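Structure record follows, encoded as structure tokens.
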Amino acid sequence: MEISVETIGFPRVGEARQLKYALEKYWRQQISLEELLNTANSVEEQNWRVQLAAGVDRIGVGDFTLYDHMLDWTMRLGCEPSRFKSIEDDTDRYFAMARGRTGIPAMDMTKWFDTNYHYEVPEIDQDCSPRANFTSFLEEITRAIDALGSQRAVPIVIGPLTYVGLSKLKNVSLSDIVKKLTNVYVELFEHIMKLGVTEVQVHEPILVTSKGLGMLEMIAALYGGDGTRGVLTADDRLAVDLVTYFDGLDERVYRAVCGSNVAAVSMDFTRGDNIAMLETSGFPADKRLGLGAVDGRSIWKFHPDELTQFLKRVDGCFRSGKIPSKISLQPSCSLHHLPYTVEAEVSLKQNEELGLAPVLSFAYEKLSELTAVREGLSKLESSASSDVFCEVRESWEGFYRLNPKKQPVWDRITSITASDLSRPEQFSDRRPKQMTDCHILPTTTIGSFPQTDEIRRLRRRFISGTISKSDYETEIDKQIAYNIGVQEALGIDILVHGEPERTDMVEYFAQKLDGFAFTQNGWVQSYGSRCVRPPIVYSDLTRLHDMTVREFVVAQSLTHKPVKGMLTGPVTILNWSFPRKDISRKDQALQIALCLRDEVSDLERAGCRVVQMDEPALREGMPLKDHKKDVYLQWAVDAFKLSTAVAKAETSVHTHMCYAEFTDCLDAIMALDADVNSIENARSGNETLEAFKKAGYGKDLGPGTYDIHSPVVPAVTDIQQKLQEFLSCMPPEQLVVNPDCGLKTRKWPETIAALRNMVTATHQVKSQLKLEPTT
Ligand code: MET
Ligand SMILES: [Zn+2]
């Protein structure tokens with residue numbers, strides 16, 4: 001075997017998040033464009049140096065970005081939406097597309113496949129006339145060649161099928177736009193060849209999704225097959241490596257790429273079942289096989305036994321002539337979904353009782369894994385018997401010794417019955433018993449109130465030990481009192497305590513549960529300059545104490561109106577954490593659900609009449625292939641119900657979802673059996689509502705009445721109009737009035753003004769409906 005090592009993307013915010021800070025300074029006009037670009041280039045060059053030093057034979061380059069790689073391709077391909085055309089300066093236009101400008105709304109952002117990264121969604125209509133705009137990309141590739149050499153630097157190109165497949169298309173067909181774009185790609189490839197480059201990675205992750213099946217003809221047209229050479233593979237001087245990731249390929253798609261004219265096919269062998277495909281169908285002898293064997297989305301080191309088993313299957317394929325001798329070992333996807341390095345985790349490394357650091361593997365460590373796997377595979381080939389993975393094996397043994405299974409948790413999971421998942425009474429029977437003091441069209445908010453600098457300072461002082469717990473709680477309680485006072489004054493009906501004690505809706509709960517660990521520098525880009533630091537599930541999860549009761553009690557003691565008990569749902573906690581890889585996601589969700597179930601009971605005992613279990617991340621955990629969706633949704637719904645069904649019939653259970661397309665999982669949303677669903681809706685028309693109605697949703701709904709992402713205060717008339725629209729879809733008895741999402745990123749003055757308008761608009765609509773006199 002001729003085994004090389006290759007990467008297909010790297011983190012890009014910098015080890016110390018340099019790019020984030022430089023961007024934010026640039027936006028505040030504190031540094032010049034030149035200074036920003038200097039920082040960006042030095043982060044990128046450091047990335048190259050690290051990969052070079054790790055012995056990577058071919059390094060994917062050109063994936064670096066100032067904000068988002070899809071947005072970069074929108075500019076490179078000349079597909080910018082026309083509303084930005086008036087902004088002449090390239091950089092200004094770029095950031096305007098990402099972040100909007102007065103009077104010019106930003107492009108939409110959505111999840112990059114099933115990851116927690118968000119990309120800028122291209123908008124393509126009939127006026128779109130693609131044209132090449134590759135100057136800065138080619139400069140970047142030239143820098144990479146200077147640093148790495150033209151054989152080692154492999155440009156990463158987002159393929160046309162993926163680019164268009166992820167776009168919002170208006171009055172145009174996917175295949176027409178792909179055709180239009182093809183010439184631009186051909187032009188790009190010519191430029192790339194002129195730089196002396198002999199190979200490109202064309203990333204086409206769309207092919208692993210269910211959409212891939214509809215692209216067979218386009219695969220042949222672009223990459224060859226069915227007797228054609230393929231427009232993008234017609235020139236032999238430039239080899240194309242067709243790269244897919246995030247799942248396995250459907251058999252027909254696999255056949256299409258194998259029958260194509262590309263020089264290499266790279267696949268993800270950590271998800272789906274590509275290895276079985278190799279075993280049954282073989283792989284063309286004239287192509288290099290890209291073996292994405294190192295999980296680019298898992299923060300864990302590989303398990304030696306599992307990996308050996310996999311490598312044996314690869315070796316078996318090789319021995320039986322099913323796969324070619326040219327193999328490239330790679331991460332399963334770009335390493336951009338991982339933090340930079342475990343070396344930066346000083347606390348975790350010092351905490352030897354945890355045994356966690358030795359089994360963690362972030363981007364830098366993945367590079368070492370690639371070399372280890374190469375060694376493992378060559379040893380198998382030469383039938384050497386030595387265990388090359390013994391060091392990793394010992395680390396895992398140490399980890400399991402220090403973190404044994406918590407049997408009672410598993411016993412409890414095994415004894416879950418159907419009745420644990422259903423409320424004591426049906427919605428029609430329980431609804432009349434709930435929120436009896438709330439009149440029609442009740443107003444509420446989603447949970448958080450502005451997180452001021454004082455609160456952040458207070459929290460930092462508490463964490464660093466400068467103030468005592470009781471002083472900290474006193475201050476938090478003052479803030480809760482203020483939040484309640486504001487809501488009372490505004491005349492809101494269902495109150496919240498405002499979440500001043502929470503940094504983040506997942507981290508807060510993770511800190512209260514036993515079994516989560518935290519990194520100091522484990523940042524992962526979420527979008528643009530925003531990074532998240534997901535907690536790590538390292539052990540079975542248990543709840544040691546109640547988590548939210550104290551703050552609820554403080555808030556409820558200050559008002560006669562109902563205060564919502566605010567919880568983050570099990571699926572969201574799981575999806576926004578780094579899960580264990582050796583325990584199913586389902587079981588981890590059920591473990592969290594059991595903890596939340598106990599919390600719901602504790603809240604009820606403390607007098608809580610309304611519980612809100614937020615599940616904004618329910619949709620994003622959905623698999624990429626249609627036939628796998630039901631299994632996921634089934635356990636996701638079960639986990640939610642396990643958390644909430646313990647509530648008494650009198651307790652109103654709310655949920656909240658945002659920033660996702662819900663219409664393809666409406667059955668699951670209805671199956672949650674929540675009494676009220678407060679959904680984000682302000683930026684769309686009535687489509688979501690219509691879809692709920694069409695699906696037969698009969699419970700209460702709180703479609704967002706205004707967009708909380710904008711500091712602009714919505715006018716009373718705007719909200720009124722929204723409410724009227726909602727009322728044209730559903731009866732007033734079913735409608736709850738709320739903003740789109742939590743208010744923690746907003747400032748107080750605009751928050752108060754917006755909520756005041758929301759309440760006023762509600763009163764006016766009520767009086768128009770003759771439901772109640774205006775107060
Ligand atoms: C991303 S959903 C946020 C819900 C949470 N309760 C909040 O209000 O902040
Ligand atoms: Zn939300």
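We count ligands from 1, going down the list as the structure has it; atoms in each ligand are counted the same way. For the single chain, residues carry numbers from 1 onward in sequence order. If you're wondering where the values come from, they're calculated on a predicted model, not measured in any experiment.
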For this session: Answer yes if the side chains of Gln479 and Asn483 hold a donor-acceptor pair under 3.5 Å, and no otherwise.
Result: yes

For this session: May I ask you to decide if the ring planes of Tyr117 and His69 are parallel, tilted or perpendicular, using 30° and 60° as cut-offs?
Result: parallel

Exercise. His118 vs Tyr527 aromatic rings, parallel, tilted or perpendicular, using cut-offs 30° and 60°?
Worked result: perpendicular

Seminar exercise, completed: The side-chain contact (heavy atoms from CB on, under 4.5 Å) partner of Asn575 among Val571, Ile573, Thr572 is Val571

Exercise. If we ignore angles and hydrogens, is there a donor and acceptor under 3.5 Å between the side chains of His336 and Gln525?
Worked result: yes

For this session: With a 4.0 angstrom cut-off on heavy atoms, strictly below it, pick out the residues next to ligand 1 and order them by chain and number.
Result: Ile446, Gly447, Ser448, Glu499, Met505, Met566, Asp614, Pro616, His656, Cys658, Cys741, Gly742

For this session: Please determine, by modelled atom types, if His497 and Lys564 share a side-chain donor-acceptor pair under 3.5 angstrom.
Result: no

Exercise. Going by the angle between their ring planes, with limits at 30° and 60°, are Tyr67 and Trp27 parallel, tilted or perpendicular?
Worked result: tilted

Exercise. So, Asp437 and Arg609, do they make that salt bridge, N to O below 4.0 Å?
Worked result: yes

Exercise. Is the backbone N or O of Gly702 less than 3.5 Å from a side-chain atom of Asn738, with the two atoms forming a donor-acceptor pair by type?
Worked result: yes

Exercise. How many protein atoms of type N/O/S are positioned less than 2.8 Å from the Zn ion (ligand 2)?
Worked result: 3

